[in-house]
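Ligands are counted one by one from 1 in listed order, and the atoms in each one are counted from 1 as well.
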Amino acid sequence: MKRIVILISGRGSNMQAVLEAKPKAAIAAVISNNPAAKGLQIAHDAGVDTKVVDHRNYPDRTSFDRALADTITAYRPDLIVLAGFMRILTEEFIERFSGRIMNIHPSLLPAFPGLDTHRRAIDEGVKLHGCTVHFVTPALDRGPIVIQAAVPVLPDDDEERLAARVLEQEHTIYAQAIRWFLDGQLAIEGNRVKLSAGCQYTGAMISPLLR
Ligand code: GRF
């Protein structure tokens, strides 16, 4: 059976959604850089092994990433799932697990990489916003895209309402991306991900709706 390690820094709702989706894999561990991450308790209650590698105990990014990578390696994962993991990873770390790290980002990449994506989407007046699951490469928020979900940005939206609408989709698409990975249906070709199952949806997503 394939093995997954999930990395979190906080609330852990994406991690919880992945656990609840019951992927055909062993969730070997949930690891956090933040000892106060709420998600650690959720993982523990679900019977998953948890670990903390606190970045504040390391003098620099390289030594933290090495310690984190060694902790992860002990669990022999086939896939590392970043679920609200709020640390930028070194190239050395990413190369060590190349093609085996996925991240979820709360925007339709390549729009709005980085932080505060919902506020920036509202400020820019975009009509569609959303979320992206992608493989992690050294270029921040630029790795090959596996799946995206779009939601409308409504006139009365504030950051919180928009974030909640996006988060609901995050929980759906992350589980799907992981299923495809575990079933061996994803191939990375350059900066593109090819899906062998061929999920061909040819319709359009338009917001506001046409009448
Ligand atoms: C999510 O919006 C995720 O896309 C972003 O950070 C947030 C984490 O939320 N990277 P949670 O910890 O999964 O609830």
Side-chain angles (χ1 to χ4, degrees), residues 4-23 27 29-46 48 50-55 65 68 72 79-89 93-94 97 100-124 126 128-153 157-179 181 193:
I4 296 175
V5 165
I6 306 178
L7 304 189
I8 62 169
S9 295
R11 182 177 56 180
S13 74
N14 275 290
M15 172 215 71
Q16 188 172 9
V18 171
L19 297 184
E20 285 172 0
K22 301 203 184 313
I27 308 296
V30 168
I31 302 173
S32 179
N33 64 302
N34 169 18
K38 292 226 165 62
L40 285 170
Q41 188 63 44
I42 300 171
H44 176 78
D45 291 348
V48 177
T50 60
K51 277 260 167 357
V52 173
V53 183
D54 189 338
H55 62 278
D65 274 17
L68 179 64
I72 292 171
L79 177 65
I80 299 164
V81 169
L82 308 186
F85 183 68
M86 301 306 284
R87 301 284 304 171
I88 293 175
L89 294 163
F93 179 100
I94 293 167
F97 303 106
R100 291 190 286 145
I101 315 173
M102 272 187 190
N103 183 43
I104 185 138
H105 183 78
S107 79
L108 292 172
L109 290 172
F112 310 122
L115 298 174
D116 299 324
T117 56
H118 308 305
R119 183 183 50 69
R120 288 155 63 205
I122 291 170
D123 288 350
E124 291 289 347
V126 298
L128 285 167
H129 183 46
C131 46
T132 302
V133 176
H134 64 95
F135 283 104
V136 173
T137 60
L140 184 67
D141 295 333
R142 285 308 302 256
I145 291 172
V146 177
I147 186 169
Q148 297 184 299
V151 300
V153 181
D157 273 348
D158 55 18
E159 251 180 281
E160 204 180 322
R161 272 170 51 114
L162 183 56
R165 192 174 308 122
V166 171
L167 190 65
E168 205 181 319
Q169 299 306 314
E170 293 184 34
H171 296 164
T172 302
I173 66 170
Y174 219 169
Q176 178 62 72
I178 291 167
R179 269 195 296 276
F181 181 92
V193 174

For a distance cut-off of 3.5 Å, show me each N or O of ligand 1 paired with any protein N or O, plus the separation.
| from | atom 1 | to | atom 2 | distance (Å) |
| --- | --- | --- | --- | --- |
| ligand 1 | 2 (O) | Glu170 | OE1 | 3.2 |
| ligand 1 | 2 (O) | Glu170 | OE2 | 3.1 |
| ligand 1 | 4 (O) | Glu170 | OE1 | 2.7 |
| ligand 1 | 4 (O) | Glu170 | OE2 | 3.4 |
| ligand 1 | 9 (O) | Arg11 | NH2 | 3.0 |
| ligand 1 | 10 (N) | Ile104 | O | 3.3 |
| ligand 1 | 12 (O) | Gly12 | N | 2.8 |
| ligand 1 | 13 (O) | Ser13 | N | 3.4 |
| ligand 1 | 13 (O) | Asn14 | N | 2.9 |
| ligand 1 | 13 (O) | Asn14 | ND2 | 3.0 |
| ligand 1 | 14 (O) | Arg11 | NE | 2.6 |
| ligand 1 | 14 (O) | Arg11 | NH2 | 3.1 |
| ligand 1 | 14 (O) | Ser13 | N | 2.8 |
| ligand 1 | 14 (O) | Ser13 | OG | 2.5 |

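Among residue pairs with one or both ends in residues 139-152, those qualifying as side-chain hydrogen bond (donor to acceptor under 3.5 Å, both in side chains) are Thr132-Gln148; sequence neighbours excluded.
Qualifying ring pair (Phe, Tyr, Trp, His ring centres under 6.0 Å) partners for His105, counting only residues two or more places apart in sequence or in other chains: none. Residues that satisfy the ring pair (Phe, Tyr, Trp, His ring centres under 6.0 Å) test with Phe112, not counting sequence neighbours, are absent from this structure.
Ion pairing of Arg120 with Asp123 is absent here, as no side-chain N (NZ or NE/NH1/NH2) approaches a carboxylate O to less than 4.0 Å. Arg87 has no carboxylate O lying under 4.0 Å from a charged side-chain N of Asp65, or vice versa, which leaves the two without a salt bridge.
Between the side chains of Ser9 and Asn34, no donor N or O sits under 3.5 Å from an acceptor N or O.
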